[in-house]
Amino acid sequence: MASYTIREAAQAAGVSEGTVRRLIKIGRLSAEKEKGVYRISEEAVKNYLADKGKSEKKVEAPEVVKSKPQEDKMYQEMKDRIAALEAELKDCQSLIVKLTAKTLKESKPPDNRGAIKRMTEWFVGKKE
């Protein structure tokens, strides 16, 4: 028996994907979750359509548009590119941390005791 994803079930029932999700959540449309993806049987879609009154006769599920292999290939290429860019970003961030640590080493504040002493002598006078 054929099973649909949420998108395919929405196309077959003529409703939005959000509606299909809500119907599953409230229990009006039965579905099973396989590897994190809902699978909805063709029979469940037919039952929903019959209950909804959209069909008085035997319901034939419309042909569902499947994604093209080329689109799947592009999707995988994009995922690979994103992974490569994220790795490059981590490398750049670690390099920034290293260079920042080298250039901004913690140094002691300048010793101003001599200047303060001279200013005190000028204002107050030299102690003898």
Side-chain angles (χ1 to χ4, degrees):
M1 176 164 283
S3 63
Y4 297 136
T5 62
I6 288 180
R7 177 174 289 159
E8 295 166 347
Q11 287 177 350
V15 295
S16 69
E17 292 177 36
T19 301
V20 172
R21 283 186 171 78
R22 281 190 296 279
L23 291 170
I24 291 170
K25 187 175 183 179
I26 63 174
R28 292 193 52 206
L29 188 62
S30 62
E32 294 181 20
K33 205 168 195 179
E34 294 177 12
K35 298 180 185 175
V37 177
Y38 280 109
R39 300 303 295 180
I40 304 153
S41 69
E42 184 178 4
E43 189 66 32
V45 174
K46 286 180 183 180
N47 289 340
Y48 169 72
L49 290 174
D51 290 345
K52 198 66 174 156
K54 287 190 174 183
S55 174
E56 301 293 329
K57 56 184 179 178
K58 185 178 178 183
V59 177
E60 289 187 31
E63 186 176 323
V64 178
V65 179
K66 299 269 185 177
S67 62
K68 298 175 185 172
Q70 182 182 16
E71 291 174 357
D72 291 340
K73 184 179 178 185
M74 286 176 46
Y75 175 77
Q76 188 59 44
E77 287 175 2
M78 287 299 179
K79 280 179 66 175
D80 294 342
R81 181 67 178 137
I82 289 170
L85 288 171
E86 286 173 344
E88 188 176 335
L89 176 64
K90 285 180 183 178
D91 292 342
C92 289
Q93 287 172 335
S94 65
L95 184 60
I96 289 170
V97 169
K98 287 178 187 176
L99 292 174
T100 303
K102 285 183 180 179
T103 56
L104 299 178
K105 289 184 179 177
E106 292 185 32
S107 59
K108 295 179 182 176
D111 187 12
N112 292 327
R113 287 180 290 177
I116 293 172
K117 183 178 177 184
R118 286 191 303 275
M119 286 174 41
T120 306
E121 289 175 355
W122 188 79
F123 282 108
V124 178
K126 196 171 190 177
K127 291 184 182 178
E128 302 200 21

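- Taking a 6.0 Å sphere around CD of Glu77, one finds it holds more than 12 heavy atoms contributed by other residues, nucleotides or ligands.
- Once rounded to the nearest 0.5 Å, the distance linking CD of Glu8 with CD of Glu42 reads 11.0 Å.
- The pair Arg7-Glu17 meets the salt-bridge criterion, with a side-chain N (NZ, NE, NH1 or NH2) lying under 4.0 Å from an Asp/Glu carboxylate O.
- Annotation: the span from Glu88 atom CD to Arg81 atom CZ amounts to 7.0 Å, rounded to 0.5 Å.
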Worked check of side chain to side chain contact (heavy atoms under 4.5 Å, CB included) between Asp80 and Gln76: CA-CA 6 Å; Asp80 294 342; Gln76 188 59 44; 3.1 Å; yes
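- Here the NZ atom belonging to Lys98 is positioned 7.0 Å from the CG atom belonging to Leu95, to the nearest 0.5 angstrom.
- For the atom pair Leu89 CG and Ile82 CD1, the distance stands at 12.5 Å (nearest 0.5 Å).
- A distance of 12.5 Å separates CD of Gln11 from CD1 of Ile6, quoted to the nearest 0.5 Å.
- Across Ala31 and Ile40, no two heavy atoms sit closer than the pair CB-CG1, 3.6 Å.
- The line from OH of Tyr38 to CD1 of Ile24 is 6.0 Å long, rounded to the nearest 0.5 Å.
- Under the 4.5 Å side-chain heavy-atom criterion for ILVMFWY residues, a single connected hydrophobic cluster contains both Ile26 and Leu49.
- For the residue pair Tyr4 and Ala9, the shortest heavy atom distance occurs at CB-N, 3.7 Å.
- Under the 4.5 Å side-chain contact rule for hydrophobic residues, Val37 and Val20 do not share a cluster.
- Summarising the geometry of Leu29 relative to Ala44, their closest heavy-atom pair is CD1-O, 3.5 Å, with the distance given to 0.1 Å.
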